[in-house]
Protein chains: 4
Amino acid sequence: MRFFSDNAATIHPQVMAAIAAADTLDTAYAGDAWSQQLDGRLSALFETDVAVLWVPTGTAANCLALAALCPPHGGIVCHRDAHIQNDEGGGPEFYTHGAKLFLADGEAAKLTPDTIRTVIDAIPDDVHRVQPHAISITNATEYGRVYPPHEVAEIGALAKARGLGFHMDGARFANAMARVGCSPAEMTWRAGVDALSFGFVKNGAMSAEALVFFKPELAAVTQYRRKRAGLLLSKGRYLAAQILAMLDDDLWLANAKAANDGATKLAAAAGDRLVHPVEANEVFLRATPEEAAALRAKGFDFYDWAAGEIRLVTAWDSPADAVGLLADAIREL
Amino acid sequence: MRFFSDNAATIHPQVMAAIAAADTLDTAYAGDAWSQQLDGRLSALFETDVAVLWVPTGTAANCLALAALCPPHGGIVCHRDAHIQNDEGGGPEFYTHGAKLFLADGEAAKLTPDTIRTVIDAIPDDVHRVQPHAISITNATEYGRVYPPHEVAEIGALAKARGLGFHMDGARFANAMARVGCSPAEMTWRAGVDALSFGFVKNGAMSAEALVFFKPELAAVTQYRRKRAGLLLSKGRYLAAQILAMLDDDLWLANAKAANDGATKLAAAAGDRLVHPVEANEVFLRATPEEAAALRAKGFDFYDWAAGEIRLVTAWDSPADAVGLLADAIREL
Amino acid sequence: MRFFSDNAATIHPQVMAAIAAADTLDTAYAGDAWSQQLDGRLSALFETDVAVLWVPTGTAANCLALAALCPPHGGIVCHRDAHIQNDEGGGPEFYTHGAKLFLADGEAAKLTPDTIRTVIDAIPDDVHRVQPHAISITNATEYGRVYPPHEVAEIGALAKARGLGFHMDGARFANAMARVGCSPAEMTWRAGVDALSFGFVKNGAMSAEALVFFKPELAAVTQYRRKRAGLLLSKGRYLAAQILAMLDDDLWLANAKAANDGATKLAAAAGDRLVHPVEANEVFLRATPEEAAALRAKGFDFYDWAAGEIRLVTAWDSPADAVGLLADAIREL
Amino acid sequence: MRFFSDNAATIHPQVMAAIAAADTLDTAYAGDAWSQQLDGRLSALFETDVAVLWVPTGTAANCLALAALCPPHGGIVCHRDAHIQNDEGGGPEFYTHGAKLFLADGEAAKLTPDTIRTVIDAIPDDVHRVQPHAISITNATEYGRVYPPHEVAEIGALAKARGLGFHMDGARFANAMARVGCSPAEMTWRAGVDALSFGFVKNGAMSAEALVFFKPELAAVTQYRRKRAGLLLSKGRYLAAQILAMLDDDLWLANAKAANDGATKLAAAAGDRLVHPVEANEVFLRATPEEAAALRAKGFDFYDWAAGEIRLVTAWDSPADAVGLLADAIREL
């Protein structure tokens with residue numbers, strides 16, 4: 001019973017079926033009938049004209065977005081626990097050609113206008129100092145917290161006031177949306193977001209994420225960057241097909257809801273062991289090494305996080321019975 | 001009846017089955033049971049210890065290989081018609097952080113020791129000049145010619161004598177091997193090759209290429225570069241499974257042979273229209289615009305290449321009857 | 001009697017005096033009274049508003065200009081014998097983060113609209129191909145030829161028509177101007193040039209070149225790049241003072257005329273030994289190894305260039321008697 | 001009476017005389033008689049074989065050193081107030097092609113083995129995490145504190161134990177040495193330092209710093225990087241001559257001592273206003289805006305630092321009477 005990460009989850013059958021259905025000869029790269037539908041389908045979802053590029057990983061989506069928003073000599077404000085800072089092996093620096101990440105504070109990996117201002121107000125406008133050019137937030141955050149739209153909009157307003165680009169790492173965008181229930185438009189471009197890494201891999205896809213530009217002109221140059229980075233798969237139809245399948249009948253929301261529900265059950269069992277409120281599909285809880293060992297002895301796999309802390313992640317495919325057993329086991333600690 | 005490119009071919013059923021069989025929960029990234037087999041399986045195939053990284057595109061494989069062999073301030077000798085020069089959107093320059101490609105001549109995109117020496121002997125050892133650090137060849141070449149092992153070995157000997165790394169772009173390595181019939185070892189490391197981009201996507205896979213290092217220490221640093229480039233898919237098992245399926249029962253060779261056979265049939269029909277001898281799965285032939293139109297009118301799709309020249313590419317899945325009809329149509333021109 | 005290069009010439013006394021006169025406490029970097037005059041002085045010279053950055057080398061000026069005109073994924077058309085291709089150790093690739101140099105042909109290192117079109121018309125508008133974003137010419141060229149303003153304007157018109165930036169490497173701009181006698185405006189922005197590397201080091205300065213932007217907005221971002229590259233000397237006044245001294249009383253033109261005159265005398269002596277017409281301060285002439293040895297035996301130092309060819313460079317400070325003796329020696333060959 | 005920065009100080013007469021004495025025709029770049037002496041002279045000073053490159057700025061020296069010690073995908077531990085982090089406009093990221101700076105704590109910009117370990121021990125050995133490859137310290141620090149040799153050696157031992165390169169930003173190395181009185185060897189390579197940015201510009205030179213490699217093999221590749229960055233001045237003799245003049249009769253130590261003495265006098269006057277102990281030539285002291293205004297009203301110029309804090313910097317040429325007047329003025333506050 002694995003609660004390591006949604007990263008390793010299986011493929012939803014409808015996605016697998018869509019891959020199989022795409023197995024016909026078509027134009028290479030992004031000229032095929034599937035890829036050509038993405039702009040339209042996601043424009044409809046977001047209720048505005050967007051330009052979309054599929055990519056095989058969330059790191060690729062994030063890094064291409066940041067490169068579109070920040071020049072090599074600029075900087076990007078993010079949380080000090082952000083995935084782009086800690087888990088992408090320096091990808092943002094590679095894609096931006098050396099931009100600097102400015103690390104801001106905030107509870108449970110959430111930035112606030114105040115914590116952002118603390119960072120950028122300390123940077124004089126001077127050629128000796130790397131100047132901020134963009135803000136990046138993660139929604140849901142690395143600790144499973146969710147920015148509701150009004151919080152996104154406050155940061156978006158700050159970004160606009162300071163002339164900064166605004167990126168949302170949405171590796172778990174679906175989980176955030178399933179939690180909040182607002183429209184995708186409200187969570188993104190209406191709140192000032194310029195580019196969204198819309199994740200599907202953690203949520204039932206195999207190898208496809210959508211990089212959504214709410215300023216379509218940013219996609220034009222990014223097409224060249226995507227190719228240059230070796231990210232333009234020749235059989236792009238198999239990626240586009242995954243995304244389309246996830247969008248059909250809002251499978252992306254249903255899957256995320258399933259994952260969130262699992263976490264909610266675990267949270268209910270965890271009570272005051274919780275390190276952070278559980279708003280998406282990640283549960284961080286206090287557990288002594290002995291308690292962690294006890295859970296593992298019952299067949300549950302998961303990561304130790306900080307000292308005396310473990311992380312449990314549910315996914316779209318977490319079996320209800322396994323979740324139930326884990327909830328019981330947590331209660332019994 | 002599409003003869004545009006093997007890039008857009010379908011997935012071999014055994015590969016699709018392997019993808020489906022990998023659809024079980026396992027460790028993320030490259031820690032899964034499939035990925036862990038690659039070193040062993042390819043070491044067996046190449047009869048030496050190799051270190052292997054899966055990547056989703058041939059461009060990624062090529063660029064990571066070049067970055068492992070050439071520092072940012074160095075240069076790489078390749079043919080002026082090489083894919084890395086003309087069709088990767090500047091990927092080699094991106095991955096190497098600005099290394100220069102030195103363009104050499106040679107018939108049908110084949111380098112020779114002489115054409116390489118012409119380039120590198122003209123570069124004095126001087127800090128003002130970018131110094132050559134590597135040679136890259138494509139086998140089979142961009143024009144469907146094949147280097148037999150002794151020609152590779154001559155270039156390998158030159159590389160060794162001059163202290164240069166040696167990369168083989170094997171997007172159609174299988175086609176070259178199907179043609180020559182030597183051992184994979186003979187064609188690569190025994191001939192001095194340091195790194196091979198071993199292509200599967202054009203040959204029946206969906207999204208997996210193998211970057212094979214014959215100097216395993218090069219793989220260690222490349223693992224960091226792969227992650228940093230956003231190329232480390234979280235569900236790597238679906239890539240590794242494709243490669244393993246292609247290796248099973250030498251499917252890679254059988255598929256390549258099928259593709260080559262199609263091209264051979266077209267070549268026989270083309271006679272003295274051929275621009276280059278046909279040794280792999282690409283056929284370049286002289287055709288007037290009217291002749292090209294006539295072929296298209298019969299339902300065949302293909303690229304115009306140069307003026308008065310068209311390119312026909314067969315793939316593992318080119319239907320025998322379509323090939324036969326095209327051969328007939330060529331004869332009737 | 002050294003005719004190796006103007007690179008190693010001495011400092012004009014008026015420049016040395018200006019350096020000494022700047023030896024007073026002032027604001028660091030580019031905030032001092034000397035640096036602050038550059039925009040005004042060069043705007044007056046060029047009869048338009050320009051923005052100017054001093055830099056310590058011509059390579060730095062060229063590379064910063066190219067980075068302002070071409071994105072990392074783009075390309076720059078230059079002559080295959082251009083200094084930026086052959087003598088800057090890959091600096092353009094470093095500063096542009098991997099842009100590609102497209103090598104065009106032309107007599108004596110001169111591009112023409114035709115040779116440029118040959119290169120760029122062969123590049124389809126396709127993400128797989130690096131797209132051209134700029135043209136760079138050298139005036140006077142690496143072989144001492146001069147583009148008159150109408151030839152520059154023809155290239156400028158092509159650049160404009162194709163949406164390409166236009167850079168002039170003017171390491172020997174002064175020599176070209178001394179030859180042609182037109183206005184600086186006519187040779188540059190009126191002919192479509194966006195950025196000029198205005199060289200002084202070969203012409204009597206010690207360590208200062210002026211990067212002149214005819215689109216001042218390009219200077220704003222370049223200020224950050226200059227600092228980032230470690231090119232923003234803290235005691236910038238000593239660089240600015242050199243440039244100002246070179247501009248005073250058109251010392252730059254007088255020095256270049258002196259250098260050109262020396263070359264003209266050598267050219268007259270060389271007769272049909274000349275490889276290229278002599279239009280600036282470089283003389284390329286045919287000489288057997290024995291003849292070259294004979295010149296050296298008489299005390300003249302110079303570079304062998306190609307086989308059977310030597311290069312003689314005069315500078316602002318080439319002693320008239322040494323030039324006369326060399327002219328005699330050439331006649332006596 | 002300017003106490004802004006030693007950055008803007010004048011040139012020592014012996015340095016100016018050396019520049020004038022170098023004004024003779026010689027080989028370009030670094031082949032001249034002055035440049036050729038640097039390795040020998042600095043090897044003698046450091047009592048070991050070193051390889052030395054002159055560069056025009058401290059930023060250039062630091063960035064080339066870091067690029068020699070850290071690959072693009074690696075990271076460098078430095079203090080969060082380090083010059084390389086805050087005052088070089090992202091130069092380290094540019095030269096290293098995107099390495100990450102890991103920010104550590106420590107009093108007055110001084111790292112300790114403990115604060116370094118806190119940073120690096122938190123980084124698991126995992127391709128998702130940028131791995132540390134080097135440590136950089138500044139001596140004297142950005143707040144005018146000095147690492148004595150034994151503290152450097154403790155960090156050097158940690159670097160060695162962890163396989164990390166070790167760089168010392170010695171923009172004010174002379175001030176540190178003048179304070180400590182140990183041998184240059186003891187402060188550097190005997191304490192484990194691999195590369196030193198040996199600053200002269202703040203200390204009486206015009207435009208020359210020495211990048212000293214205690215592992216000479218690092219200089220070989222750095223020569224190519226220096227050229228590529230546009231830092232290889234064609235008339236290098238004027239830079240080398242400055243460094244040689246600074247070394248003659250230990251002018252570098254005498255100048256630093258003069259600067260330090262000025263600061264010591266100010267410190268004595270400041271008493272408990274001092275924010276940091278004064279060990280070099282920088283004085284940070286508490287002063288209300290009114291007090292700062294009072295000092296300025298008496299003709300003293302300086303920077304406001306943090307709120308309620310000002311910075312006073314003395315230089316080799318700070319007039320004794322101005323220092324005395326400032327000391328008096330501080331006492332009178």
Side-chain angles (χ1 to χ4, degrees), chain C residues 1-2 4-11 13 16 19-20 22-29 31-32 55-64 87-95 97 171 201-202 205-207 223-239 315 317-318, chain D residues 1-2 4-11 13 16 19-20 22-29 31-32 55-64 87-95 97 171 201-202 205-207 223-239 315 317-318:
Chain C
M1 293 177 290
R2 295 173 77 94
F4 276 122
S5 177
D6 39 3
N7 257 339
T10 58
I11 313 307
M16 197 62 99
I19 290 172
D23 193 21
T24 171
L25 204 58
D26 200 323
T27 302
Y29 304 109
D32 60 90
V55 285
T57 67
T59 293
N62 287 340
C63 292
L64 286 171
D87 290 290
E88 301 192 343
E93 290 87 348
F94 179 47
Y95 276 82
H97 301 291
V201 170
K202 294 179 197 293
M206 187 175 88
S207 59
Q223 297 225 24
Y224 288 92
R225 292 180 183 274
R226 176 175 66 172
K227 170 59 204 179
R228 189 179 195 223
L231 295 168
L232 184 63
L233 282 78
S234 57
K235 301 184 181 175
R237 61 191 183 273
Y238 297 101
L239 275 71
D317 62 350
S318 296
Chain D
M1 292 176 290
R2 296 174 75 93
F4 276 121
S5 176
D6 40 1
N7 257 339
T10 57
I11 313 308
M16 197 62 99
I19 290 172
D23 193 20
T24 172
L25 202 59
D26 199 324
T27 303
Y29 304 108
D32 61 89
V55 286
T57 69
T59 293
N62 287 341
C63 293
L64 286 172
D87 291 290
E88 301 192 342
E93 289 88 347
F94 179 47
Y95 275 84
H97 302 290
V201 170
K202 295 180 197 292
M206 187 174 88
S207 59
Q223 297 226 22
Y224 288 93
R225 292 180 182 275
R226 176 174 66 172
K227 170 60 204 178
R228 190 178 193 225
L231 296 167
L232 184 64
L233 281 79
S234 57
K235 300 183 182 176
R237 62 190 183 273
Y238 296 100
L239 275 72
D317 62 351
S318 297

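None of these values were measured; they are calculated from a predicted model. Below, read A as the first sequence line, B as the second, and so on, with proteins coming before strands; counting in each chain starts at 1.
In this structure, the portion of Asp87(C) lying under 4.5 Å from any heavy atom of chain D is its backbone and not its side chain. Of the two parts of Thr27(C), the backbone and the side chain both hold a non-hydrogen atom closer than 4.5 Å to a non-hydrogen atom of chain D. Neither the backbone nor the side chain of Leu64(C) comes within contact range of chain D; no heavy atoms are under 4.5 Å apart. Proximity to chain D (any heavy atom under 4.5 Å) is shown, for Arg225(C), by neither the backbone nor the side chain. Heavy atoms closer than 4.5 Å to chain D are found in both the backbone and the side chain of Met206(C).
Heavy-atom pairs under 4.5 Å with chain C peak, among Ala60(D), Ala22(D), Ala28(D), Ala229(D), at Ala229(D). Contact count versus chain D (heavy atoms, under 4.5 Å) is highest, among Ser207(C), Gly90(C), Ala9(C), Gly91(C), for Ala9(C). Contacts with chain D were tallied for Leu231(C), Asn62(C), Leu239(C), Leu233(C); Leu233(C) has the most, counting heavy-atom pairs under 4.5 Å.
Across all their heavy atoms, Tyr95(C) and Arg228(D) have their closest contact at CE1-O, 3.9 Å. The minimum heavy-atom distance between Ala8(D) and Asp26(C), with the atom names listed, is CB-O, 2.8 Å. For the residue pair Tyr238(D) and Thr10(C), the shortest heavy atom distance occurs at OH-CA, 4.1 Å. The shortest non-hydrogen separation linking Lys227(C) to Thr59(D) is NZ-OG1, 3.1 Å.
The aromatic rings of Phe94(D) and Phe94(C) sit parallel, their planes meeting at an angle under 30°, below the 60° perpendicular limit.
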Worksheet item: Stepwise, does the side-chain contact (heavy atoms from CB on, under 4.5 Å) test hold for Leu25(C) with Phe4(D)?
Response: CA-CA 10 Å; Leu25(C) 204 58; Phe4(D) 276 121; over 6 Å; no
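In this structure, the side chain of Asp23(D) engages the main chain of Ile11(C) through a donor-acceptor pair within 3.5 Å.
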